[in-house]
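Have a look at the structure below before the remarks.
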Amino acid sequence: MRPRPDRIERLPEQYFTSLLARVSAAGPDVIDVGRGNPDVPPPAHVIEALTTSAHDSTVHGYPPFAGLRRAKEAIAARYADVYGVELDPEREVAILPGTTTALVELALVLANAGDRILLPDPGYPDYNSAVALAGAERVALPLGDDGRPDLDGAPRERVAAVYLNYPANPAAVAAPPGVFEEVIAFGRETGAAIVHDFAYGDLVFDGRRPQSFLAVEGAREVGVEMFSLSKSYGMAGWRLGFVLGNEEIVARLNRLQEHNRSGIFVPLQRAAIAALTGPQETVAERRVLYEGRRDRVLALIPGARCEGTFFVWFPLPDGVTFELLLDEHGVAVAPGEGFGERGRGFARISLATADGRLDEGLRRLREAFGEE
């Protein structure tokens, strides 16, 4: 067999695959408070919509490549109601099998080999995979303590895209004032497309309101926003998400999808419609649940912070490492260096952890920190 293609060799080690393997090898008694896997299932009416649709004998053929118009109308209606953003369902909405897929495909439709893509540091590790598959050059975009990117120090040449994420994983900060206006200006100056990852958009705390990038004047002229059903509705395993905004970028994604998949299973799309258009009380209930857990973590872990997402970001005390916590205290966090150089010395706790396990994990952390 011939050697592996370069695009496969370029892929970095998948951070979460290696992390989960390390935690699993440590034994069954480990309390994992690092993994962001929603522990509350989707609303009952969403599950019912899926099962009812699956019994429809007409849905098991190939679905429309670009998705159901009704699903696009549903996300557009939610954007208008919740975020104050008016979208054209046909031209400004793409449906994809999850936003992890979206962030990879966006790199493919935005960048040529050798172009630069700016990624937040610290930031979601799979952004690196997107850059690698596109054959682009990864450029770290350092985030300040408030989550504001250092655009003044960023290159201006050959920048195809800038990825940002608010509320931010892993840093757990909401969008700083004026940051969207700054990145829109950067996009206009450089020609770079702005990609805003809004996966945790509904999970903001302390009375904040969800803040869509697309609500800012000029945003859709330069970029798009990714919206996920995983966090707002507990549908992480269902793999369904949206890319919204710039008409040209949406058209590129739809064209790519015509060639690399034959649509998304219709019952999944009908379930998404049920989630987006049905009762929304569970969205607020999730936010309240995570905020309550967040408050418990902040009260116990020195230096911890969380303005949004279902994560808490905190500095590790001197001499405390991921390995020490795992091997000597039986508690697993997500080590910060996996999210970028600026994450070194930090760690992430997941609020998507059942209450009893979260409390035991916090007890072990405090024991390791010498707080008990």
Side-chain angles (χ1 to χ4, degrees), residues 36 38 66-67 71-72 74-76 78-79 82-83 85 87-89 91-111 117-120 123-131 133-134 141 149 160-170 174-175 179-180 183-184 187 192-204 210-216 219-233 235-236 238-254 256-257 261 264 268-269 272 275-276 308-311:
K72 296 179 182 182
I75 187 64
R78 191 183 193 281
Y79 256 70
V82 178
Y83 311 124
V85 175
L87 292 163
D88 183 300
R91 298 199 304 268
E92 296 179 322
V93 177
I95 305 176
L96 294 98
T99 52
T100 299
T101 298
L103 66 89
V104 170
E105 294 195 355
L106 281 163
L108 294 176
V109 302
L110 292 173
I117 297 180
L118 276 52
L119 301 182
Y124 183 51
D126 283 356
Y127 296 155
N128 297 309
S129 306
V131 175
L133 285 171
L141 185 61
V162 180
Y163 281 48
L164 290 172
N165 168 217
Y166 299 107
N169 172 21
V179 70
F180 291 145
V183 298
I184 290 168
I194 308 303
V195 174
H196 182 233
D197 182 353
F198 201 41
Y200 302 91
D202 295 317
L203 300 180
V204 286
Q211 187 177 2
S212 167
F213 165 67
L214 297 179
V216 179
R220 76 186 75 192
E221 297 172 13
V222 299
V224 291
E225 185 162 82
M226 295 187 290
F227 180 87
S228 172
L229 298 175
S230 298
K231 283 72 179 181
S232 297
Y233 299 100
M235 298 169 66
W238 299 47
R239 309 317 305 142
L240 196 66
F242 300 89
V243 175
L244 312 113
N246 185 270
E247 182 177 342
E248 167 61 18
I249 297 174
V250 167
R252 294 183 194 182
L253 286 172
N254 284 333
L256 179 60
Q257 290 193 100
R261 68 175 56 88
I264 295 171
L268 283 175
Q269 296 188 66
L276 295 165
T309 75
F310 53 43
F311 299 115

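Since we're looking at a predicted model, the values are computed, not measured.
- With Phe198 as reference, Tyr83 is the one residue of Tyr83, Phe242, Phe180, Tyr166 to meet the ring pair (Phe, Tyr, Trp, His ring centres under 6.0 Å) rule.
- Residues Pro97 and Gln257 are in side-chain contact: their nearest non-hydrogen atoms beyond the backbone lie under 4.5 Å apart.
- Residues Leu103 and Asp126 approach most closely at CD1-O, 3.4 Å, considering heavy atoms.
- Listed for the Arg78 side chain is no donor-acceptor partner under 3.5 Å among the backbone atoms of Leu276.
- Remark: Ala71 pairs with Leu68, Ile95, Gln269, Ile273 by the side chain to side chain contact (heavy atoms under 4.5 Å, CB included) rule, at least two apart or across chains.
- Here the rule is side chain to side chain donor-acceptor pair (under 3.5 Å) with Asp197, and of Tyr124, Tyr127, Tyr163 only Tyr127 fits it.
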Note to self: Go through it in stages, so that I can follow the logic: the residues are Asn246 and Val222, the test is side chain to side chain contact (heavy atoms under 4.5 Å, CB included), and I'd like the CA-CA distance, side-chain angles, deciding distance and then a yes or no.
What the structure shows: CA-CA 7 Å; Asn246 185 270; Val222 299; over 6 Å; no
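- Here the closest non-hydrogen pair linking Ala107 and Ala134 is O-CB, 3.7 Å.
- With values rounded to the nearest 0.5 angstrom, Met235 atom CE is found 6.5 Å from Leu240 atom CG.
- Nearest heavy-atom pair across Ala236 and Ser230 is CA-OG, 3.3 Å.
- Expressed to the nearest 0.5 Å, how far CH2 of Trp238 lies from CG of Leu229 amounts to 9.5 Å.
- Closest heavy-atom contact between Pro89 and Ala76: CG-CB, 4.1 Å.
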Margin query: Could you walk me through whether Val162 and Val195 satisfy the side chain to side chain contact (heavy atoms under 4.5 Å, CB included) test, starting with their C-alpha distance in whole Å, then the side-chain angles of each, then the deciding distance to 0.1 Å, before giving a yes or no?
Written below: CA-CA 6 Å; Val162 180; Val195 174; over 6 Å; no
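- Annotation: Arg91, atom CZ; neighbour count of heavy atoms from other residues, nucleotides and ligands within 6.0 Å does not exceed 12.
- Nearest approach of Gly36 to Pro38, heavy atoms of both residues: O-CD, 3.7 Å.
- The aromatic rings of Tyr79 and Phe227 lie perpendicular to each other, with more than 60° between the two planes, well past the 30° mark.
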Next item on the list: Might you work through the side chain to side chain contact (heavy atoms under 4.5 Å, CB included) test for Leu244 and Val224, ending with a clear yes or no?
Entry: CA-CA 5 Å; Leu244 312 113; Val224 291; over 6 Å; no
Next item on the list: Please lay out, stage by stage, how Ser212 and His196 fare under the test side chain to side chain contact (heavy atoms under 4.5 Å, CB included).
Entry: CA-CA 9 Å; Ser212 167; His196 182 233; 6.0 Å; no
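- With rounding to the nearest 0.5 Å, the separation of CG in Leu141 from CG in Leu164 is 6.5 Å.
- The backbone N or O of Ala251 lies less than 3.5 Å from no partner atom in the side chain of Asn254, so there is not a single donor-acceptor pair.
- A side-chain contact (heavy atoms from CB on, under 4.5 Å) with Leu106 holds for exactly one of Ile117, Leu96, Thr99, Ile249; it is Ile249.
- Judged purely by atom type and a 3.5 angstrom limit, Glu105 has no side-chain atom pairing as donor or acceptor with the backbone of Thr101.
- Looking only at distances, a side-chain donor or acceptor of Asn165 sits under 3.5 Å from a matching main-chain atom of Pro167.
- Of all heavy-atom pairs between Leu87 and Glu92, the closest is CA-OE1, 3.4 Å.
- Using a 4.5 Å heavy-atom cutoff, the side chains of Arg220 and Val85 are in contact.
- Between the Lys72 side chain and the Ala66 main chain, a donor and an acceptor come within less than 3.5 Å of each other.
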